[in-house]
Structure formats: C-alpha cells, structure tokens
Number of protein chains: 2
Amino acid sequence: MRRQTWQRAAVRDALSEREGFVSAQDLHTALKATGSPIGLATVYRALADLAVDGDADSLQSGDGENLYRACVSQGHHHHLICRSCGRTVEIEADAIEEWAADVAARNGFRDPQHVVDVFGTCERCAAAASACEVV
Amino acid sequence: MRRQTWQRAAVRDALSEREGFVSAQDLHTALKATGSPIGLATVYRALADLAVDGDADSLQSGDGENLYRACVSQGHHHHLICRSCGRTVEIEADAIEEWAADVAARNGFRDPQHVVDVFGTCERCAAAASACEVV
DNA sequence: CTGATTTTGACAATCGTTCTCATCTGGCCG
DNA sequence: CGGCCAGATGAGAACGATTGTCAAAATCAG
C-alpha cells in the first residue's frame with residue numbers, strides 16, 4: 001500500500017507549481033530552499049512513484065537527466081517543449097498513435113511504445129535569444 | 001582538421017558490424033575482445049565525432065546510456081527498435097515531419113526538432129519471450 | 001625527415017541516480 | 001487509545017556512464 005506522507009505531498013505540490021519540466025535535483029534544491037528537510041533520495045522515489053501512477057510525466061533531457069512534470073491530462077499524450085525555458089505544451093495526436101502502431105505492425109513488432117516529443121524555442125525565448133545573437 | 005587514425009576506423013567498423021544500437025561501453029568491450037588496445041575515452045570521442053558527422057545516430061536508452069548505431073540513410077529519419085535485442089529498422093515518415101512542424105508553428109515555437117522513436121519487440125524476441133512467460 | 005599539432009590512453013573527477021540500513025511513521029487492529 | 005509492522009525516510013556510500021587531464025605518441029604538411 002502507498003502511504004500518505006508530507007514528503008510526497010511536498011514533491012507533488014512543488015512539481016505542479018512549475019510550468020515546465022524540472023530535474024529531480026532542481027526540485028530537491030527548490031524544496032530545500034523552502035526549508036523542507038526532505039532528502040534527495042526521497043525526492044527521487046516520490047517522482048518515480050508519481051510517474052508510475054501517471055500523475056507526472058518523465059523524459060530524459062539531452063544531457064542525461066531525468067526531467068519530470070506534473071501532468072494535466074491523464075491519458076497518453078506528447079509534449080512540445082521549449083528547449084530554453086522548459087515551458088511545455090501538451091499535445092495529443094491520434095494520428096501519431098496510429099502511425100506508430102502501423103509502423104510497428106508492418107515490421108512485425110509487438111507491443112509498440114513510442115517516444116514522441118517536439119522541442120523548439122517558444123516565442124518569448126526566441127525573442128530573447130535573437131537579441132543576443134551575433135547576426 | 002580531423003586526422004585519420006586506426007582507432008577511429010576500428011570504432012567505425014565495429015559499429016557498422018552491429019545490426020542495432022550499441023552502447024559506448026559495449027563497443028569498447030567488443031573492441032578490447034578483438035585485441036585492440038583502444039582506450040575507453042577514445043571510443044567515446046570517436047562515437048561523438050561520428051554522431052556529429054552524421055555517420056552515426058545516437059539515442060538514449062531508458063537507463064541513462066547513450067546508444068549509437070551506424071547509419072545507413074544519411075538524411076533525417078527515425079527508428080523502430082527492438083527493446084529486447086536492439087535490432088533496428090530505419091523508418092522515414094514525412095507525415096511526422098510535417099505534423100511536428102505544424103504543431104510547433106501553431107504554438108509559436110521556432111526551430112522545431114523532434115524525437116520520434118518507436119520501441120517494440122521484434123518477432124524473434126516476442127517468440128523467445130512468450131516461451132518463458134508464466135502465462 | 002622534422003616540426004607542429006592533434007590524438008591517444010590511463011586514470012581521476014564529475015554527475016545523476018540508486019542502494020543500504022538504521023530509524024521513523026502512517027494506518028490498521030484490538 | 002496503544003501497539004504493531006510494513007512501508008517510508010534520509011545520510012551517506014556506492015555505482016555506472018561519461019568527461020576532463022595531461023604527458024606521451026602518432027599524424028600529416030612541407
């Protein structure tokens with residue numbers, strides 16, 4: 001049975017306060033900053049649990065970190081992620097689901113799962129970045 | 001300028017002998033097994049170079065490893081990967097490219113990049129696995 | 001061949017994550 | 001209410017993949 005502890009609640013709350021994906025380390029740092037004596041290992045465990053329960057989404061950043069995000073829609077969906085600020089838009093695409101299933105089936109693969117995420121630079125960051133670029 | 005060394009060639013060859021994705025560590029082990037005194041750091045560097053040059057594809061496995069694979073088609077494409085044996089099928093999907101670009105544009109995101117990979121269990125492995133399952 | 005420059009490789013360092021284990025605690029039962 | 005016990009916690013060690021360091025070796029242009 002899964003127990004109700006203030007640590008889990010703290011992790012869940014901290015996660016839902018963020019707009020985009022956060023790393024476990026960041027979340028731990030943030031929690032510590034608020035005075036929580038929560039342990040790093042606990043944050044990892046809580047996040048893993050949330051991900052399993054479908055309350056959070058996880059993906060791996062390019063540099064070997066696991067990122068987590070509180071999920072609004074419970075079902076299967078994908079993300080459009082700003083590579084600069086981490087802001088995230090949830091997207092649904094039945095067409096993709098079908099395509100993936102179809103491709104898998106056509107090649108004799110069973111139990112298709114897919115990783116579909118789109119990265120980009122959101123308007124806000126694109127504007128900020130172009131101001132700095134040495135064009 | 002990039003110099004031509006037997007180590008790079010060895011890595012490239014070892015990579016193209018494999019049918020699916022391999023981790024840097026595996027490749028290093030395999031090379032060592034053939035008697036090469038090649039160093040681990042060198043394998044990592046060679047793989048990173050290959051990936052940059054477009055001669056190899058890289059992706060991250062679920063458990064924090066970078067996997068590499070010699071690429072047949074040079075252009076942009078995706079993969080259908082057997083989660084059990086690592087066998088890989090290259091797939092192209094213009095529809096996906098368009099969809100990704102469209103989604104990005106509709107949400108005001110610039111420079112869309114996407115991660116689209118399908119994992120499954122290939123026929124061979126599915127057969128092998130079902131034989132073991134405690135149904 | 002020679003010299004400049006890149007590459008190599010052994011090993012240490014780093015970084016994210018997981019494990020260990022003693023301790024604590026939530027939730028259920030009497 | 002009090003006790004019990006499996007599950008949860010946390011400090012720190014352990015771990016595994018990757019990257020950095022730096023002297024020695026190898027490559028290539030002239």
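We use all heavy atoms of the structure for the numbers below, so side chains are in, but hydrogens, waters and symmetry mates are not. Here is the naming used below: chain letters follow the sequence lines, and residue numbers restart at 1 for every chain.
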Q: Return no unless some side-chain N or O of A:Gln60 is found under 4.0 Å from OP1 or OP2 of C:dG16.
A: no
Q: Look at the side chain of A:His28 and the backbone N and O of A:Ile38, then say whether any donor-acceptor pair between them is shorter than 3.5 Å.
A: yes
Q.
Expressed as a whole number of angstroms, how long is the span from B:Leu47:CG to C:dG9:P?
A. 14 Å
Q) How are the rings of A:His114 and A:His78 set to each other: parallel, tilted or perpendicular (split at 30° and 60°)? A) tilted
(Q) Can you give me the bend angle of the helix from C:dC1-D:dG30 to C:dG30-D:dC1? Use the axis through the first five pairs and the one through the last five, nearest 10 degrees. (A) 40°
Q: Give the minimum heavy-atom separation between B:Val118 and A:Trp99, together with the two atoms involved.
A: CG2-CZ3, 4.0 Å
(Q) I'd like to compare against my own output: the B/S/- annotation of nucleotides 24-30 of chain D with a strict under-4.0 Å heavy-atom distance to protein. (A) --BBS--
Q: Assign A:Arg45 to base, sugar-phosphate, or nothing according to its heavy-atom contacts below 4.0 angstrom with the strands shown.
A: base
Q) Is the shortest side-chain N to carboxylate O distance from A:Asp26 to A:Arg18 below 4.0 Å? A) no
(Q) From the set D:dG10, C:dT8, D:dT18, return the single nucleotide nearest to any side-chain atom of B:Glu65. (A) D:dT18
(Q) Taking the minimum atom-to-atom distance to the side chain of A:Arg8, which one of D:dT9, D:dT18, C:dG9 wins? (A) D:dT9
Q | Pair B:Arg87 + B:Glu123, salt bridge at N-O below 4.0 Å | A | no
Q: Give a yes or no on whether the backbone of B:Ser36 and the side-chain of B:Gln7 come within a donor-acceptor separation of less than 3.5 Å.
A: no
Q. Which residues in residues 25-37 of chain A have at least one heavy atom lying under 4.0 Å from any atom of DNA chain D?
A. A:Pro37
Q. Would you say the side-chain atoms of B:Gln4 pair up with the backbone N or O of B:Ala9, donor to acceptor, closer than 3.5 Å?
A. no
Q. In terms of the angle between their ring planes, are A:His79 and A:Phe21 parallel, tilted or perpendicular, with boundaries placed at 30° and 60°?
A. perpendicular
Q) For A:Asp63, which contact category applies under a 4.0 Å heavy-atom criterion: base, sugar-phosphate, or nothing? A) nothing
Q: Remember a base hit wins even if backbone is also touched, and classify A:Leu40 as base, sugar-phosphate or nothing at under 4.0 Å, heavy atoms.
A: base
Q.
Using the rule given for side chain to side chain contact (heavy atoms under 4.5 Å, CB included), can you reason through B:Leu47 versus B:Leu15, listing the C-alpha separation, both sets of side-chain angles and the distance that settles it, and then say yes or no?
A. CA-CA 9 Å; B:Leu47 285 173; B:Leu15 197 59; 4.1 Å; yes
Q: Report yes if at least one side-chain N or O of B:Asn66 is closer than 4.0 Å to OP1 or OP2 of D:dT18; otherwise report no.
A: yes
Q) Does C:dT17 have OP1 or OP2 sitting under 4.0 Å from an N or O in the side chain of A:Tyr44? A) yes
Q | Over 12 non-hydrogen atoms of neighbours within 6.0 angstrom of CZ in B:Arg83 | A | yes
**Q.** B:Ser23 side, atom OG; B:Gln60 side, atom CD - distance, nearest 0.5 Å
**A.** 13.5 Å
